[in-house]
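Positions are given from 1, in the same order as the sequence printed here. All values derive from a computational prediction rather than experimental measurement. What you see below is based on every heavy atom in this structure, not just the backbone, and it leaves out hydrogens, waters and symmetry mates.
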Amino acid sequence: MGRVAPLLLLALLAAACGRRPKPLPPSAPLRSATLPELVSSFNANAQAIQTMSLKLNLSARTGKHKYPKITAFLLIRKPADIRLWGTFTLLGKLFDMASSGQHFELSLPTRNQFFVGLNDVIPAKASNPWEKMRPQVILNALLTNAIVPGDDVALDPGAPPTTYEVLVLADRSGHQQRLVRRITFSRYDLLPHGQEIYDGDGIHFTRATYSDYTVRNNLPIPTKVVIERPVEGYTLQLQLIPSAIVLNRPFTAPNTFQLIPPPGAAIITLGDPK
């Protein structure tokens with residue numbers, strides 16, 4: 001469990017305050033919880049998930065352009081494996097993306113292109129926003145990552161009365177603590193309904209919202225997840241199919257999280273993988 005942050009650390013709030021998700025409409029009495037209770041519940045649910053297999057409807061938007069909704073399949077395995085592919089009627093598989101942590105691969109069969117790159121290298125300029133998308137962004141937004149032991153935690157005293165906002169502060173450089181996560185809990189159900197996750201540079205960040213919870217393996221799972229990357233200019237909406245949520249089932253197929261370039265595909269390097 002994270003440590004409770006001294007009040008002095010709350011001065012860091014002004015450094016990275018993003019747009020807060022709208023609170024849920026009042027439909028039940030407000031519930032109360034302490035900071036340790038919120039952190040303990042969040043960590044217990046995150047740590048209980050080791051693998052996840054999902055079928056979902058995936059929607060995407062870049063700027064004002066909305067893309068057609070597609071059927072997608074998402075696999076994750078801790079600590080860092082992720083695989084996501086999408087299909088469209090008559091066209092078949094549109095893309096296939098995989099990562100085991102540092103590197104990622106992206107196959108675009110309809111274009112006969114195969115991209116490789118580093119998760120932590122995002123180009124400042126790209127021909128389209130999708131070249132800036134990284135699979136680890138999706139993985140980090142899925143509520144499967146517990147608060148790192150040793151990080152400090154605090155409640156934002158400026159949160160609306162219908163929410164608790166847990167601030168996670170970390171010292172990753174050995175010099176000064178910074179805000180790395182902001183997790184918003186609704187006081188109607190004490191579940192996370194929003195999260196902001198900051199990259200190492202403190203500028204690029206993920207804004208995620210969670211709703212329409214269901215229960216699988218006695219765990220609360222949001223079936224609607226919206227992931228925004230404001231700096232890169234894209235938004236993903238994951239609408240999970242509840243009957244197709246499978247938790248903690250081992251993946252037995254070899255190389256589940258590694259892609260091989262199709263014969264004849266043009267291989268394009270994003271960043272400088274080694």
Side-chain angles (χ1 to χ4, degrees), residues 15-22 46 52 54 56-70 72 74-76 80-86 94-108 115-145 165 167-168 170 172 178-184 192-211 222-240 268-273:
C17 291
R19 186 182 66 195
R20 293 175 175 142
K22 295 180 180 179
M52 181 180 285
L54 307 171
L56 54 100
N57 293 313
L58 177 65
S59 304
R61 184 176 71 247
T62 59
K64 296 182 179 180
H65 185 78
K66 293 183 179 181
Y67 293 83
K69 184 181 298 183
I70 65 173
L74 175 61
L75 311 177
I76 71 166
D81 293 335
I82 181 171
R83 174 87 174 268
L84 174 67
W85 69 93
L94 295 177
F95 70 90
D96 196 348
M97 181 166 50
S99 174
S100 57
Q102 184 179 12
H103 297 85
F104 74 93
E105 301 97 23
L106 170 63
S107 178
L108 300 178
F115 295 85
V116 295
L118 295 172
N119 274 304
D120 59 355
V121 176
I122 301 176
K125 296 182 179 180
S127 58
N128 66 75
W130 299 123
E131 293 183 20
K132 300 182 179 183
M133 188 173 73
R134 298 294 181 266
Q136 297 304 110
V137 168
I138 300 172
L139 180 63
N140 292 339
L142 290 178
L143 295 177
T144 58
N145 299 301
E165 295 195 3
L167 311 171
V168 183
R172 299 285 190 258
R178 61 181 180 84
L179 182 64
V180 293
R181 296 168 79 176
R182 175 191 293 269
I183 308 169
T184 299
H193 283 263
Q195 185 173 200
E196 290 179 358
I197 307 166
Y198 290 85
D199 295 353
D201 58 11
I203 299 173
H204 295 78
F205 68 97
T206 299
R207 180 187 296 128
T209 58
Y210 314 96
S211 58
T223 60
K224 182 178 180 181
V225 180
V226 179
I227 302 171
E228 299 178 75
R229 291 286 289 188
V231 175
E232 285 83 31
Y234 67 83
T235 299
L236 303 174
Q237 179 174 303
L238 286 62
Q239 188 70 56
L240 279 58
I268 302 169
T269 299
L270 300 176
D272 185 25

Q. If every non-hydrogen atom of Ala60 is compared with every non-hydrogen atom of Leu236, which pair is closest and at what distance?
A. CB-CD2, 4.0 Å

**Q.** Close side-chain approach of Ile183 and Glu165, heavy atoms under 4.5 Å
**A.** no

Q | Audit row: Leu238, Ile227, side chain to side chain contact (heavy atoms under 4.5 Å, CB included) steps and yes/no | A | CA-CA 8 Å; Leu238 286 62; Ile227 302 171; 4.2 Å; yes

Q) What closest approach, in Å, do Ile76 and Leu142 show between heavy atoms, and which atom pair accounts for it? A) CG2-CD1, 4.0 Å

Q.
Apply side chain to side chain contact (heavy atoms under 4.5 Å, CB included) to residues Asn140 and Asn145 and explain how you reach the verdict.
A. CA-CA 7 Å; Asn140 292 339; Asn145 299 301; 3.8 Å; yes

(Q) To the nearest 0.5 Å, what is the distance between CG on Leu74 and CE on Met97? (A) 9.0 Å

Q. Do you know which two heavy atoms are closest between Phe104 and Pro135, and how far apart they sit?
A. CB-CG, 3.6 Å

Q | Met133 side chain near Glu232 side chain, heavy-atom distance below 4.5 Å | A | no

Q | Any Ser59 side-chain heavy atom under 4.5 Å of Lys66 side chain | A | no

Q. What's the spacing between Leu84 CG and Asp96 CG if we round to 0.5 Å?
A. 8.0 Å

Q: State the OG1-CD distance between Thr206 and Gln195, to the nearest 0.5 angstrom.
A: 9.0 Å

Q: Would you give the length of the straight line joining atom CG of Leu56 to atom CG of Leu240, rounded to the nearest 0.5 angstrom?
A: 5.5 Å

**Q.** For the student: nearest non-hydrogen atoms of His193 and Ser211, plus distance
**A.** ND1-CA, 4.4 Å

Q | NZ/NE/NH1/NH2 to OD/OE distance under 4.0 Å, Arg134 and Asp199 | A | no

Q. So, are Arg181 and Glu196 salt-bridged, with charged N and O less than 4.0 Å apart?
A. no

Q) Where do Tyr234 and Glu228 land on the side chain to side chain donor-acceptor pair (under 3.5 Å) test, with the steps shown first? A) CA-CA 6 Å; Tyr234 67 83; Glu228 299 178 75; over 6 Å; no

Q. Mind checking whether Val226 and Thr235 have side chains closer than 4.5 Å, heavy atoms only?
A. yes

Q. Do the non-hydrogen side-chain atoms of Leu118 and His103 ever get within less than 4.5 Å of each other?
A. yes

Q: Would you name the heavy atoms of Ala80 and Gln136 that are closest together and state the gap between them?
A: O-OE1, 3.4 Å

Q: For side chain to side chain contact (heavy atoms under 4.5 Å, CB included), just list the numbers for Ile82 and Ile138, CA-CA rounded to whole Å, side-chain angles, deciding distance to a tenth of an Å, and then say yes or no.
A: CA-CA 9 Å; Ile82 181 171; Ile138 300 172; 4.1 Å; yes

Q: Test side chain to side chain contact (heavy atoms under 4.5 Å, CB included) on Thr144 and Met52 and set out the steps.
A: CA-CA 9 Å; Thr144 58; Met52 181 180 285; 4.1 Å; yes

Q. Considering the options Leu108, Leu58, Ile70, which one meets the side chain to side chain contact (heavy atoms under 4.5 Å, CB included) requirement together with Leu94?
A. Ile70

Q: Walk me through it: do Asn119 and Ser99 pass the test side chain to side chain donor-acceptor pair (under 3.5 Å)?
A: CA-CA 8 Å; Asn119 274 304; Ser99 174; 2.8 Å; yes

Q | Phe205 side chain reached by Pro230 side chain, heavy atoms, under 4.5 Å | A | yes

Q: Grab the two heavy atoms, one from Val116 and one from Glu105, that are nearest each other, plus how far apart they are.
A: CG1-CG, 4.2 Å

